[in-house]
Amino acid sequence: MSEPAAQDTLQRVETTGVAQGTTIAGNLFSLSDMISSPLSIEEMEKMHERQKKLKNEFIGNEDEMRKALKLLDCEKILFQGDAFFRKYNDLKTFGLIILTEFRFIFQFLEKDSEKEKFKEDFFKIPFLLFDKLKLGEQSSTYIPFTISVRDGRKLKFYINEKQKSIFDELNTRALPKKFDLGAFPKILNDSYLQKYKDLNGWNVYDLKKEFLRQGVIFDDPNCPFKLCEINKDFKVINTYPETLVEPKDVSDEVITKACKHRTKNRVPTLSYYFDNKINGVDSNKIAGIWRSSQAKSGILGSKKNEDVELINKIISLGGQFTIYDARPYLNAASNKVKGGGYEDVEDYQNAKLIFCNIENIHKAREAIEKTEEICTDSKIMTNKSFWSQFEATGWLDFIMITLKTSNEIAKKVSEGNNILIHCSDGWDRTPQLVATSQILLDPYYRTFMGFAVLVEKDWLSFGHQFAKRSGMIPKKNDGENERSPIFLQFLDCIYQLMYQFPNEFEFNSDYLLFIAKNYNVNLFGTFMFNNEEERVKSKAKETTPSVWTYLLNNKEKYTNPSYDSKNTRKIISPNYAYYSYKLWTAYYMRNSEYAE
């Protein structure tokens with residue numbers, strides 16, 4: 001690539017080696033522009049020439065530059081400009097700021113001991129992870145600006161006053177007034193479809209095939225379940241899948257009317273069928289995991305004949321029927337003021353109600369913010385008070401309560417009982433418990449394909465709000481209040497299970513790590529939307545890539561060598577005592593030298 005002549009402003013160039021339309025910030029400047037220096041004019045000129053040479057060498061060969069940056073095959077450099085980085089001391093290291101379609105990158109061009117303190121991805125920040133950008137006051141010929149990242153990182157850079165437009169471009173892309181998917185997901189999807197022609201991740205989950213695998217044969221006249229199509233085109237429950245699995249003997253009319261007795265119309269529906277015969281349980285009971293939103297009991301209560309009819313039919317399938325309300329009791333009770341609430345078990349034939357005491361999305365957000373803070377502070381990480389400070393974040397409570405409750409649910413289901421799980425709306429704490437319980441019950445979900453199916457089924461199709469929980473909605477539209485690490489908590493639970501049962505998972509922890517680092521960066525359509533209706537209307541399958549397309553076509557990178565499919569356990573039961581918790585340092589300390 002030929003180096004364009006330096007200019008006083010950002011310059012558009014069209015050259016071999018740089019994407020057409022790339023903007024390059026010229027006007028190299030030396031340390032003498034930024035700090036008082038005892039160097040002579042001759043020495044400063046040499047320093048200036050050295051920096052210019054470093055830049056020319058780096059950008060002069062496109063292939064080598066892309067290799068050094070580790071860009072995706074279809075990722076283009078849109079903007080680049082000179083900058084200095086400062087982190088722990090007053091020394092400033094020369095490098096390049098690079099903006100691609102979906103992320104910010106800072107590339108060191110000088111060797112510096114400071115660089116060795118950071119992990120490779122520390123200076124690669126997807127725009128969606130930006131929390132704040134602050135431009136400082138100009139001093140002589142440079143301007144400082146600070147990037148605050150949602151995971152606790154804080155980076156300070158210095159740019160030449162005539163390169164301020166690169167900051168403006170970063171501000172526009174990283175903190176948009178309105179969320180826009182942009183063109184890059186479509187470009188990446190097209191690239192994947194060309195590269196991975198045999199397996200498209202958007203096709204891994206098929207409801208009928210998955211329930212057939214579980215043992216539900218809908219065509220069998222003795223099957224106790226049916227495919228319910230009341231939600232065709234999402235006309236009744238816009239946050240549910242179009243097809244539901246319901247008791248065969250309950251009419252569609254009753255099911256439709258039962259919807260009005262549940263928040264957001266999210267009626268009880270079957271998520272998982274536990275086949276006693278397949279699992280070697282000597283019982284004629286029909287067991288399963290059902291899910292819904294909270295009952296609309298309200299302060300004065302309400303008549304809910306259809307809801308009672310539906311629940312009683314589920315109860316009649318056999319076993320003890322238990323409702324697991326994921327919330328603390330006080331939270332559930334307070335929802336009555338808003339028309340919500342919880343079930344009156346006396347309305348049903350044989351039911352129990354258990355409150356799980358899992359706090360809401362706001363407490364979860366506070367917990368992860370505190371966790372990220374202590375896991376990015378080297379002073380805290382090396383202090384003996386680290387564990388007490390970690391415990392005080394509250395993050396550990398979320399993980400261990402979820403494991404404990406999921407273990408109870410799995411045990412009850414394995415004994416031939418039916419379970420109904422819900423929280424308030426049924427799309428946050430509910431999928432945590434529903435999905436984790438199935439991981440314990442079914443070894444299929446511990447395989448590559450099974451885990452993908454589980455996430456598609458219980459997180460995507462049932463409307464976990466990935467866009468809102470990831471913060472894709474601008475703050476001024478209440479996006480900050482909706483952001484919460486619900487899915488990350490689930491991944492941490494699975495990490496704990498992998499640590500306790502190292503031979504029971506086909507995939508390794510790097511598989512989870514890839515998902516954890518990419519579910520909230522606006523790269524994969526799998527995690528870009530709030531529900532199935534949004535995915536359909538946005539044509540997600542045609543315009544964005546599925547994370548499973550990449551992962552399932554690269555299994556060799558993520559295979560657990562200790563896994564033996566012939567000797568895997570059918571049901572696993574975790575230790576949920578607090579002492580058993582294993583800190584996921586590869587994720588929480590991913591930006592520090594202490595990551596595994």
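Small disclaimer: the values here were computed from a predicted structure and weren't measured.
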d(F321 CZ, K352 NZ) to nearest 0.5 Å is 12.5 Å

Taking the six-membered ring for Trp and the single ring otherwise, decide whether the centroids of F487 and F466 are under 6.0 Å apart.
-> yes

Evaluate the side-chain proximity of I358 to L433: yes if any heavy-atom separation is below 4.5 Å, no if none is.
-> yes

Nearest heavy-atom pair of I289 and S437: which atoms, and what distance?
-> CD1-CB, 3.9 Å

Pair Y550 + F514: ring centers closer than 6.0 Å | yes

Pairwise side chain to side chain donor-acceptor pair (under 3.5 Å) hits with a residue in residues 387-403, at least two apart = T371-T393, S385-Q389, W395-D492, W395-Y588, D397-Y578

Which residue pairs satisfy the salt bridge (Lys or Arg N to Asp or Glu O under 4.0 Å) criterion with at least one member in residues 511-532, sequence neighbours excluded?
-> D121-K517, E532-R535

Does any N or O in the side chain of N231 come within less than 3.5 Å of the main-chain N or O of P241, such that one atom is a donor and the other an acceptor?
-> yes

Could you grab the distance from atom NZ of K541 to atom CG of N189, nearest 0.5 Å is fine?
-> 12.0 Å

Has K411 got more than 12 heavy atoms of other residues, nucleotides or ligands less than 6.0 Å from its NZ?
-> no

Would you find a donor on one side and an acceptor on the other, under 3.5 Å apart, between the side chain of D325 and the backbone of R327?
-> yes

dist I401:CD1 -> R429:CZ (nearest 0.5 Å) comes out at 11.0 Å

Any salt bridge (Lys or Arg N to Asp or Glu O under 4.0 Å) involving residues 450-463? Give me the pairs, sequence neighbours left out, ordered by first then second residue.
-> R291-D458

Considering residues at least two apart in sequence or located in another chain, which fulfil the side-chain hydrogen bond (donor to acceptor under 3.5 Å, both in side chains) criterion with N360?
-> none

Can you check whether S470 reaches F527 side chain to side chain, under 4.5 Å on heavy atoms?
-> no

Residues 220-232 vs salt bridge (Lys or Arg N to Asp or Glu O under 4.0 Å), sequence neighbours excluded, gives K226-D252

Can you tell me how far the CD atom of Q294 sits from the NZ atom of K338, to the nearest 0.5 Å?
-> 9.0 Å

For side-chain contact (heavy atoms from CB on, under 4.5 Å), just list the numbers for D151 and T376, CA-CA rounded to whole Å, side-chain angles, deciding distance to a tenth of an Å, and then say yes or no.
-> CA-CA 8 Å; D151 58 19; T376 53; 5.6 Å; no

Any L244 side-chain heavy atom under 4.5 Å of V267 side chain | yes

Search all heavy atoms of R266 against all heavy atoms of G426 and return the closest pair with its distance.
-> NH2-O, 2.9 Å

Go through the structure and list residues passing ring-ring contact (aromatic ring centres under 6.0 Å, His included) with F505, not counting sequence neighbours.
-> F507

Would you check if I354 and I323 make a side-chain contact, meaning some heavy-atom pair closer than 4.5 Å?
-> no

CD1 of I439 to CD1 of I494: how many Å apart, nearest 0.5 Å?
-> 4.5 Å

Sequence-distant partners of K404, salt bridge (charged side-chain N to carboxylate O under 4.0 Å, His left out), two or more places apart = E408

Pair F355 and Y342, ring centroids less than 6.0 Å apart | yes

Just wondering, do Y444 and V453 contact through their side chains at under 4.5 Å, heavy atoms?
-> yes

Might you confirm whether atom CD of E373 has over 12 heavy atoms from other residues, nucleotides or ligands at distances under 6.0 Å?
-> no

Closest heavy-atom pair, S292 versus R262, reported as atoms and distance to 0.1 Å, is OG-NH1, 3.4 Å

Looking at residues at least two apart in the chain, or sitting in another chain, which of them share a side-chain hydrogen bond (donor to acceptor under 3.5 Å, both in side chains) with N575?
-> Y579

Side-chain contact test, heavy atoms from C-beta onward, threshold under 4.5 Å: evaluate it for N520 versus L129 and give yes or no.
-> yes

Is the closest side-chain heavy-atom distance between M528 and P185 below 4.5 Å?
-> yes

Are a donor atom and an acceptor atom from the side chains of D307 and Y348 found within less than 3.5 Å of each other?
-> yes

Any ion pair linking E372 and R590 (charged N to carboxylate O, less than 4.0 Å)?
-> yes

Under 3.5 Å side-chain donor-acceptor pair for Q489 and Q432 | yes

Assess whether ring-ring contact (aromatic ring centres under 6.0 Å, His included) is satisfied between Y581 and F390, documenting all intermediate values.
-> CA-CA 12 Å; Y581 180 81; F390 175 64; 5.7 Å; yes

Check whether the ring centres of F448 and Y558 lie less than 6.0 Å apart, and answer yes or no.
-> no

Taking side-chain hydrogen bond (donor to acceptor under 3.5 Å, both in side chains) as the test, write out the residues that go with T549, two or more places apart.
-> none

Closest non-hydrogen atom pair between N265 and V236, with its separation | ND2-O, 3.0 Å

Dump the intermediate steps for side-chain contact (heavy atoms from CB on, under 4.5 Å) on V434 and F490, then the final yes or no.
-> CA-CA 10 Å; V434 170; F490 165 69; over 6 Å; no

Check: R469 side chain, I486 main-chain N or O, donor-acceptor pair, under 3.5 Å = no

Kindly state each residue pair satisfying salt bridge (Lys or Arg N to Asp or Glu O under 4.0 Å) with at least one member in residues 444-454, sequence neighbours excluded.
-> R446-E504

Sequence-distant partners of N407, side-chain hydrogen bond (donor to acceptor under 3.5 Å, both in side chains), two or more places apart | S573

K370: salt bridge (charged side-chain N to carboxylate O under 4.0 Å, His left out) partners, not counting sequence neighbours = none

Least distance between heavy atoms, S297 atom then G340 atom | OG-O, 3.1 Å

Within a strict 4.5 Å, meaning less than it, do heavy atoms of the K154 and S148 side chains meet?
-> yes

Hey, mind stepping through T436 and I409 against side-chain contact (heavy atoms from CB on, under 4.5 Å) and telling me if it holds?
-> CA-CA 10 Å; T436 306; I409 292 169; over 6 Å; no

Which atom pair, heavy atoms only, marks the closest approach of N357 to P328?
-> OD1-CA, 3.5 Å

